[in-house]
Amino acid sequence: MLTKKQIEYVLETMGEMFPNAECELTHSNPFELTIAVVLSAQCTDALVNKVTPHLFDKYKEPEDYIQAPLEELEQDIRKIGLFRSKAKNIKKLCQSLIEDYGGEIPTEKSELVKLAGVGRKTANVVASVAFGEPAIAVDTHVERVSKRLGICKWKDSVLEVEKTLMRKIPMEEWSDTHHRMIFFGRYHCKAQSPQCPECPLLEVCREGKKRMKKRGVVV
DNA sequence: CTCCCGATAT
DNA sequence: ATATCAGGAG
């Protein structure tokens, strides 16, 4: 496991690698962001961004999603995959926005998770990106990077990863850390082909050193 | 734990 | 051609 000092170094290095890391989902208000994050479940942000320009042009308010026939909404988001469940969730989500939240996205995580299609990860993204709340959304990238580096244990659940990160990282750095780890995971420490040989974190990375050894490279 | 599903990397 | 990617609901 990495020490606090090592984690500091890791975050600093990621910051140097990706100084402009931020949410990559196209959106112009909390409502659009929420829809985009719901769509992004089990799907890349890049793909979501291909669908949302048309979607946000056509559906401005919760009412617009409610009024559209389900089949039409499904077709509008079909490229995303899992489109039937997501279309249903979005309709439900908009319904409760109107009924329970005055048509606005709630700012509290505890309220966000009550919305259809919004789980812990999505709630954290919305709270953090839309409302500036300190949060670390543990998506697949954050989880993979944390585990490969040795910030947490391999068998930790997503929730345990989140708790560990919150424990080991000062709160004012949660938001930046979250985005840096996502960029690091998405563009460098990739799921299929991690760029270990060129990684500036190789010397502190548990998994990286193991992979190098496997290939007979001395690090 | 299984189902939901299309896009993209290999 | 097919393995892998990417969260939440039931």
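The chains referred to below are lettered A, B, ... by the order of the sequence lines, with proteins before strands, and numbering in each begins at 1. Atoms considered below: every heavy atom in the structure, side chains included; atoms not considered: hydrogens, waters and symmetry mates.
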Between atom [atom1] in [X] and atom [atom2] in [N], what is the gap in whole Å?
X: K86(A); N: dG8(C); atom1: NZ; atom2: C1'; result: 9 Å
X: Q42(A); N: dA6(C); atom1: CD; atom2: P; result: 8 Å
X: I90(A); N: dA9(C); atom1: CD1; atom2: C1'; result: 15 Å
X: R78(A); N: dC4(B); atom1: CZ; atom2: C1'; result: 16 Å
X: K114(A); N: dA9(C); atom1: NZ; atom2: P; result: 14 Å
X: K92(A); N: dG8(C); atom1: NZ; atom2: C1'; result: 11 Å
X: K88(A); N: dG10(C); atom1: NZ; atom2: C1'; result: 11 Å
X: L39(A); N: dA7(B); atom1: CG; atom2: P; result: 14 Å

Considering only [options], which nucleotide approaches the side chain of [X] most closely?
X: T122(A); options: dA7(B), dG8(C), dC5(C); answer: dG8(C)
X: L82(A); options: dA7(B), dG8(C), dC5(B); answer: dC5(B)
X: Q192(A); options: dA7(B), dA9(B), dG7(C); answer: dA9(B)

In terms of the nearest nucleotide of DNA chain B, which residue is placed more toward the 5' end: S85(A) or K50(A)?
-> S85(A)
Under 4.0 Å between a side-chain N or O of [X] and OP1 or OP2 of [N]?
X: T140(A); N: dA6(C); answer: yes
X: K79(A); N: dG6(B); answer: no
X: K121(A); N: dA9(C); answer: no
X: R120(A); N: dG8(C); answer: no
X: S193(A); N: dA9(B); answer: no

May I ask you to decide if T26(A)'s main-chain N or O and N49(A)'s side chain share a donor-acceptor pair within less than 3.5 Å?
-> yes
Look at the aromatic rings of Y65(A) and Y59(A) and report parallel, tilted or perpendicular, splitting at 30° and 60°.
-> parallel
Out of curiosity, K4(A) NZ to I169(A) CD1, how far, rounded to the nearest 0.5 Å?
-> 9.5 Å
Once you apply a heavy-atom cut-off of 4.0 Å, does [X] come out as touching a base, just sugar-phosphate, or nothing?
X: A116(A); value: sugar-phosphate
X: G81(A); value: base
X: I77(A); value: nothing
X: V118(A); value: sugar-phosphate

Taking the same atom, P, in dT10(B) and in dA6(C), what whole-Å distance lies between them?
-> 12 Å
Distance between the P atoms of dT2(C) and dC5(B), in whole angstroms?
-> 23 Å
Between T44(A) and V113(A), who's closer to the 5' end of DNA chain C by nearest nucleotide?
-> T44(A)
Where do K114(A) and D100(A) land on the salt bridge (Lys or Arg N to Asp or Glu O under 4.0 Å) test, with the steps shown first?
-> CA-CA 11 Å; K114(A) 292 180 186 168; D100(A) 307 325; over 6 Å; no
Min side-chain heavy-atom separation E160(A)-K155(A) under 4.5 Å = no
Any H27(A) side-chain heavy atom under 4.5 Å of V37(A) side chain = no
